[in-house]
Asker: 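Okay, handing you the structure first.
Fair warning: this is a prediction, and the values are worked out from it, not measured in the lab.
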Amino acid sequence: MAQFKPLSPPDRRSVPEDEIIFSLRDGYVWASWPGTNASVRLGRYEMVPAMMRDFLEQDALGQRMMGSPISRHFRP
């Protein structure tokens with residue numbers, strides 16, 4: 001099983017809901033959270049990067065249309 005580095009906001013004490021661990025099992029990408037038994041199958045590896053890029057592009061477009069920077073999504 002491949003495991004990717006958790007994502008967490010910079011300069012914050014880490015809590016489980018702030019970290020996501022992406023894993024690759026049997027050709028599927030999974031998201032899980034430290035300290036929990038929860039995991040979600042995101043889809044086949046070949047499709048997940050495109051879905052993530054699409055999500056980020058849609059979010060950026062929405063932010064530009066609203067005139068607010070993406071950085072407002074992140075808590076200090």
Asker: What pairs with Gln58 under side chain to side chain donor-acceptor pair (under 3.5 Å), at least two apart in sequence or on another chain?
Answerer: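 Applying side chain to side chain donor-acceptor pair (under 3.5 Å) to Gln58 gives Asp54.
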Asker: Take Trp33 and Val40 through the test side-chain contact (heavy atoms from CB on, under 4.5 Å) and record every step on the way to the result.
Answerer: CA-CA 10 Å; Trp33 295 262; Val40 176; 4.0 Å; yes
Asker: How close do Met52 and Leu42 get, heavy atom to heavy atom, and via which atoms?
Answerer: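 Here Met52 and Leu42 meet closest at CE-CD1, 4.2 Å.
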Asker: Any idea which heavy atoms bring Ile20 and Ala31 closest together, and the distance?
Answerer: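 Shortest heavy-atom contact: CG2-CB, 3.9 Å.
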Asker: What are the two closest non-hydrogen atoms of Tyr28 and Trp30, and how far apart are they?
Answerer: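 Looks like O-CD1, 3.4 Å.
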Asker: If every non-hydrogen atom of Ser39 is compared with every non-hydrogen atom of Ser32, which pair is closest and at what distance?
Answerer: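 Shortest heavy-atom contact: CB-CB, 4.0 Å.
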Asker: When you group the ILVMFWY residues by side-chain heavy-atom contacts below 4.5 Å and let the links chain together, are Met51 and Leu24 in the same group?
Answerer: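 Same cluster: Leu24 reaches Met51 through Ile, Leu, Val, Met, Phe, Trp or Tyr contacts under 4.5 Å.
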Asker: Any salt bridge (Lys or Arg N to Asp or Glu O under 4.0 Å) involving residues 27-45? Give me the pairs, sequence neighbours left out, ordered by first then second residue.
Answerer: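 Every pair satisfying salt bridge (Lys or Arg N to Asp or Glu O under 4.0 Å) with a residue in residues 27-45: Arg44-Glu46.
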Asker: Do Val29 and Ser23 have side-chain heavy atoms sitting under 4.5 Å apart?
Answerer: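 When only atoms from C-beta onward are counted, Ser23 and Val29 do not touch, as no gap falls below 4.5 Å.
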Asker: Please round to the nearest 0.5 Å and tell me the distance separating atom CD1 of Ile21 and atom OG1 of Thr36.
Answerer: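 Here the interatomic distance stands at 8.5 Å.
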